[in-house]
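Written below as C-alpha cells is the structure these notes are about.
Every number for a ligand or one of its atoms is a count from 1 in the order of the listing. Quantities reported herein were computed from a predicted structural model and do not represent experimental measurements. Below, all heavy atoms of this structure are taken into account, side chains as well, without hydrogens, waters or symmetry copies.
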Amino acid sequence: MQINWYPGHMAKAKRLLADQLGRCDVVIELCDARLPYSSRNPDLARMTNGKKRILLLNKADLADPNVTSAWIRRFREQGLEAAPCTAKSSGKDILRLIDKAAEEAVQRAAQKGVHKTVRCMVAGVPNVGKSTLINSLHGSSIAKTGDKPGVTRANQWVVIGPYLQLLDSPGLLWPRLDDQRAAKRLCYIGSVKDDVVDLPMLTIELLTELLEIRPENILERFRFSDPALRGEALLEAVCRGRGFLLKGGICDYDRCCQVVLDEFRAGKCGRISLEVPPRRIPLKSSLTGKGESPDDKT
Ligand SMILES: Nc1nc2c(ncn2[C@@H]2O[C@H](COP(=O)(O)OP(=O)(O)OP(=O)(O)O)[C@@H](O)[C@H]2O)c(=O)[nH]1
Ligand SMILES: [Mg+2]
C-alpha cells in the first residue's frame, strides 16, 4: 500500500509558519503519545532548531501510560523538555512548562524594565490536538477543532493572558516520506485524510498491529475468537462478530473499516501505544527530529 499524502496547501502553510518563527520565544511541538516516533515532523525540528522547545505527547489518555513514561524519560535523556499531555485537562502543567522555557527571555526583558509578552508557537502533524490544547488554555472554543486532519487552515494568534500569546497553526506533514510504515501509522490516527488511503488495507494492517500488541482487547471489542487471523479474513471476522452484514449475509466492509478506525481513534480498543522507545537513540539525531526507528511491540 503506497500512501500519497502531501496536500498542495502544506508547502504554503510551512512557509507561513516559518515567517512567524522569528516572533516566537518558545515552540511547543505536539505529537501523538501512541506514536511518538512516527507523529513527529522532522522538518519542524529543523525549522525550530535553536528555539526553546517543549515536546508534548498529547492524547496521553489514549496511550499506554507505562510506554508514555518510557518515551518521556528517553526524550529527557536527550535534553529535550518533554511531557505527557491530555489537551483538555493538562492546562496548568503546560503553563508551568511554558513559564520555565521562557524564563530567561522574561528575565532579560525585566532587566531592561520591560514586562515581556511571551509568544509561543503550537505546531505538529494534523489532528494531534493543537487547537484543542489552545482552547483549553484559553478557556473557550476560540479555535476550531474536529476529529479529522486539516481543520485549522491558517495561523491564528490567541491571547491567553496579558503576557502570553499562542499561535495555532495548520497541521504539517513533510513532503517526502520514505518511511511507509510511519505514513501508515499516521493514517491510523487520522493525520492523513482517509480518502487518499486504501481503507480495507489500512484497516487490516491496523488490526494486525493491534492483535500483536493487545490481542485480548481486539478479540473482545470486535467479537471474534482467533488471534491468528490475518488479511481479509480479519475484516470478515469483524463483520460477522459485530453484525456488519448486508442483505443476503454479505459483509459490509465499508462500515467495518470506518468502525474499526473510529473506535481505535477514540480509544475504545483500550490504551494502546503502537511504538515503544528504541533501546538507544543517538543524541545528535534525536535533537534534529528523528532518532533510530522505535522498537515495535509494547
Ligand atoms: N482523547 C483525546 N482526544 C483529543 C485530545 N486532544 C485532542 N483530541 C481530539 O482530537 C481531535 C483533533 O483535535 P484538534 O485540536 O482539532 O487537532 P489539531 O492538531 O488542531 O488538528 P488540525 O488543525 O487538523 O491540524 C478532536 O476530535 C479532539 O477532540 C486528547 O488529549 N485526548
Ligand atoms: Mg487545529
Handout entry: ligand 1 atoms in contact with Ala87 (distance to a heavy atom under 4.0 Å)
Key = 6 (N), 30 (C), 31 (O)
Problem - Backbone or side-chain N or O of Ala60 under 3.5 Å from ligand 1 N or O - result: no
Handout entry: Carboxylate-amine/guanidinium contact Asp43 Lys14, below 4.0 Å
Key = yes
Completion exercise
For atom 21 (O) of ligand 1, the closest protein heavy atom turns out to be Asn127 N, 3.0 Å
Handout entry: Atoms of type N/O/S from protein, distance to the Mg ion (ligand 2) below 2.8 Å
Key = 2
Exercise for the section: Would you mind running through ligand 1 and noting each atom that sits below 4.0 Å from a heavy atom of Asn58? Expected result: 5 (C), 6 (N), 31 (O)
Fill in the blank from the handout: atom 7 (C) of ligand 1 sits nearest the protein heavy atom Thr132 OG1, 3.5 Å
Exercise for the section: Please state which part of Thr86 comes within less than 4.0 Å of ligand 1, counting heavy atoms only: side chain, backbone, both or neither. Expected result: both
Practice task
Show the numbers, then the answer: is there a side chain to side chain donor-acceptor pair (under 3.5 Å) between Ser131 and Thr152?
Solution key: CA-CA 8 Å; Ser131 304; Thr152 303; 2.9 Å; yes
Practice task
Flag Val128 as yes when one of its N or O atoms lies below 3.5 Å from any N or O atom of ligand 1, and as no otherwise.
Solution key: yes
Problem - Nearest-0.5 Å distance that lies between atom CZ in Arg119 and atom CG in Leu167 - result: 10.5 Å
Exercise for the section: Output yes when a side-chain donor or acceptor of Asp32 lies under 3.5 Å from a complementary backbone atom of Val128, and no otherwise. Expected result: no
Practice task
Indicate yes or no: does an N/O atom of Asp168 lie under 3.5 Å from an N/O atom of ligand 1?
Solution key: no
Fill in the blank from the handout: Nearest heavy atom to atom 20 (O) of ligand 1, choosing from Pro170, Ser131, Gly267, belongs to Ser131
Practice task
Pull out every atom of ligand 1 sitting under 4.0 Å from any heavy atom of Gly171, numbered as shown with elements.
Solution key: 25 (O)
Practice task
Measure the distance from atom 4 (C) of ligand 1 to every protein heavy atom, then report the residue, atom name and distance (to 0.1 Å) of the closest one.
Solution key: Lys59 CE, 3.8 Å
Handout entry: Residue pair Arg265, Asp194: steps toward the salt bridge (charged side-chain N to carboxylate O under 4.0 Å, His left out) verdict
Key = CA-CA 13 Å; Arg265 288 169 184 167; Asp194 281 345; 2.9 Å; yes
Handout entry: CG on Leu137 to CD1 on Ile142, rounded to 0.5 Å
Key = 12.0 Å
Handout entry: Matching residue for Glu275 among Arg185, Arg74, Arg34 - test: salt bridge (charged side-chain N to carboxylate O under 4.0 Å, His left out)
Key = Arg185
Handout entry: Atoms of ligand 1, numbered as shown, that sit under 4.0 Å from any heavy atom of Leu62
Key = 1 (N)
Handout entry: Selected option - heavy-atom contact closest to atom 26 (C) of ligand 1, from Ala13, Pro149, Gly146
Key = Gly146
Handout entry: Distance from atom 17 (O) of ligand 1 to nearest protein heavy atom, with residue and atom
Key = Gly129 N, 3.1 Å
Handout entry: Nearest neighbour of atom 2 (C) of ligand 1 from the list Leu30, Asp61, Val125, on a heavy-atom basis
Key = Asp61
Problem - ligand 1 to Lys130 polar contact by distance, N or O atoms, under 3.5 Å - result: yes
Problem - Min heavy-atom dist Gly150 to ligand 1 below 4.0 Å - result: yes
Practice task
For Lys148, counting its heavy atoms only, list the atoms of ligand 1 lying under 4.0 Å from any of them.
Solution key: 24 (O)
Exercise for the section: Report yes if the side chains of Gln165 and Cys120 come closer than 4.5 Å at any heavy-atom pair, otherwise no. Expected result: no
Exercise for the section: Please answer whether the main-chain N or O of Ala87 pairs with a side-chain N or O of Ser136 as donor and acceptor at a distance below 3.5 Å. Expected result: yes
Completion exercise
When every non-hydrogen atom of Gln20 is compared with those of Cys24, the smallest separation belongs to O-SG, 3.4 Å
Handout entry: Qualifying ring-ring contact (aromatic ring centres under 6.0 Å, His included) pairs, either residue in residues 128-163, two or more places apart
Key = His115-Tyr163
Practice task
Kindly check if the number of other-residue, nucleotide or ligand heavy atoms within 6.0 Å of CD (Glu263) is above 12?
Solution key: yes
Practice task
Give the residue and atom name of whichever protein heavy atom lies nearest to atom 29 (O) of ligand 1, and the separation in Å to one decimal.
Solution key: Lys88 NZ, 3.8 Å
Problem - Arg181 NZ/CZ over Tyr37 ring centroid, <6.0 Å and within 45° of normal - result: no
Problem - Any side-chain donor near an acceptor of the partner, Glu209 and Tyr188, under 3.5 Å - result: yes
Completion exercise
Asn41 and Leu172 have their tightest heavy-atom pair at ND2-O, 3.0 Å
